[in-house]
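I have placed the structure first, in the form of structure tokens, so that the comments after it can refer back to it.
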Amino acid sequence: MEQPDARALAERARARGAYAHVLPGPAPVTKAAAMDAIAAALDFPDWFGRNLDALYDCLTDLSWLPVGEHVLIWAGSEAFKTADPKAYLAIRGVLSDAQRALTPNGGRRDSRSLTVQLPES
């Protein structure tokens, strides 16, 4: 079965009332470019420190965004995974940890949640 593309995933997210955030192209292939793309997609505040701890802090805060589900769609993540597997796994781990922290059972109290979708994975 073919994976849906980023546009289809964004449309599905919006259809269920979620906010879709698609990483802008071209696909990042370095750790710094990936963090910058995530920051741009989620409109991170200026204080974002461009390291893994700061990425986690911003992903689990999201207070500058409206209350609701936020879907981060990372089309092209496979290119980064191929170019720098170690950095990809580090960022993917932070995304997974943040997603778990922002689930209803993750202890979040302000009604914001994060869903991460990687169409190629």
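Side chains included, hydrogens not; waters and symmetry mates left out as well; all remaining heavy atoms used.
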Q: Could you tell me whether the side chain of Val29 reaches within less than 4.5 Å of the side chain of Asp84, counting heavy atoms only?
A: no

Q. Taking all atoms of both residues into account, what is the closest heavy-atom pair of Cys58 and Phe48, and its distance?
A. SG-CD1, 3.8 Å

Q. So which heavy atom on Asp61 is nearest to which on Trp47, and how close?
A. OD2-CZ2, 4.0 Å

Q. How many angstroms lie between atom CD of Gln99 and atom OG1 of Thr60, to the nearest 0.5 angstrom?
A. 13.0 Å

**Q.** CD-CZ distance between Glu11 and Arg16, expressed to the nearest 0.5 angstrom
**A.** 12.5 Å

Q: Considering only NZ, NE, NH1 and NH2 on the basic side and carboxylate oxygens on the acidic side, decide whether Glu69 and Arg112 come within less than 4.0 Å.
A: no

Q) With sequence neighbours excluded, what pairs up with Asn51 under the side chain to side chain donor-acceptor pair (under 3.5 Å) test? A) none

(Q) Do Leu65 and His70 make a side-chain contact, defined as non-hydrogen atoms from C-beta onward lying under 4.5 Å apart? (A) yes

Q) Looking at Met35 and Leu55, what are the two nearest heavy atoms and their distance? A) CG-CD2, 4.2 Å

Q: Give the ring-plane orientation class for Phe80 versus Tyr88, where under 30° counts as parallel, over 60° as perpendicular and anything between as tilted.
A: perpendicular

Q) When clusters are formed by joining ILVMFWY residues with side-chain heavy atoms under 4.5 Å apart, either directly or through shared neighbours, do Val22 and Leu9 land in the same one? A) yes

Q | Those residues that, when tested against Arg50, pass side chain to side chain donor-acceptor pair (under 3.5 Å) (two or more places apart) | A | Asp36

Q) Hey, are the side chains of Ile73 and Leu118 touching, using non-hydrogen atoms and a 4.5 Å cut-off? A) no

Q) Would a 4.5 Å heavy-atom cut-off, applied to side chains only, mark Ile38 and Leu23 as touching? A) yes

Q.
The test is side chain to side chain contact (heavy atoms under 4.5 Å, CB included); show your working for His21 and Val71 and say whether it passes.
A. CA-CA 6 Å; His21 306 273; Val71 180; 5.8 Å; no

**Q.** Atom of Ala27, atom of Gly76 and distance for their closest heavy-atom approach
**A.** CB-O, 3.5 Å

Q: Report yes if the side chains of Ile91 and Lys31 come closer than 4.5 Å at any heavy-atom pair, otherwise no.
A: yes

Q: Mark yes or no for whether Trp74, through its side chain, and Ala6, through its backbone, hold a donor-acceptor pair below 3.5 Å.
A: no

Q: Establish, from distance only, whether the side-chain atoms of Arg100 and Ser96 form a donor-acceptor pair under 3.5 Å.
A: no

Q) Could you walk me through whether Leu72 and Thr115 pass the side chain to side chain contact (heavy atoms under 4.5 Å, CB included) check? A) CA-CA 6 Å; Leu72 179 64; Thr115 303; over 6 Å; no

Q: Taking the side chain as every heavy atom from C-beta outward, state whether Asp97 and Leu95 have any pair of such atoms under 4.5 Å apart.
A: no

Q. So do the side chains of Leu59 and Val116 get within less than 4.5 Å of each other, counting heavy atoms only?
A. no

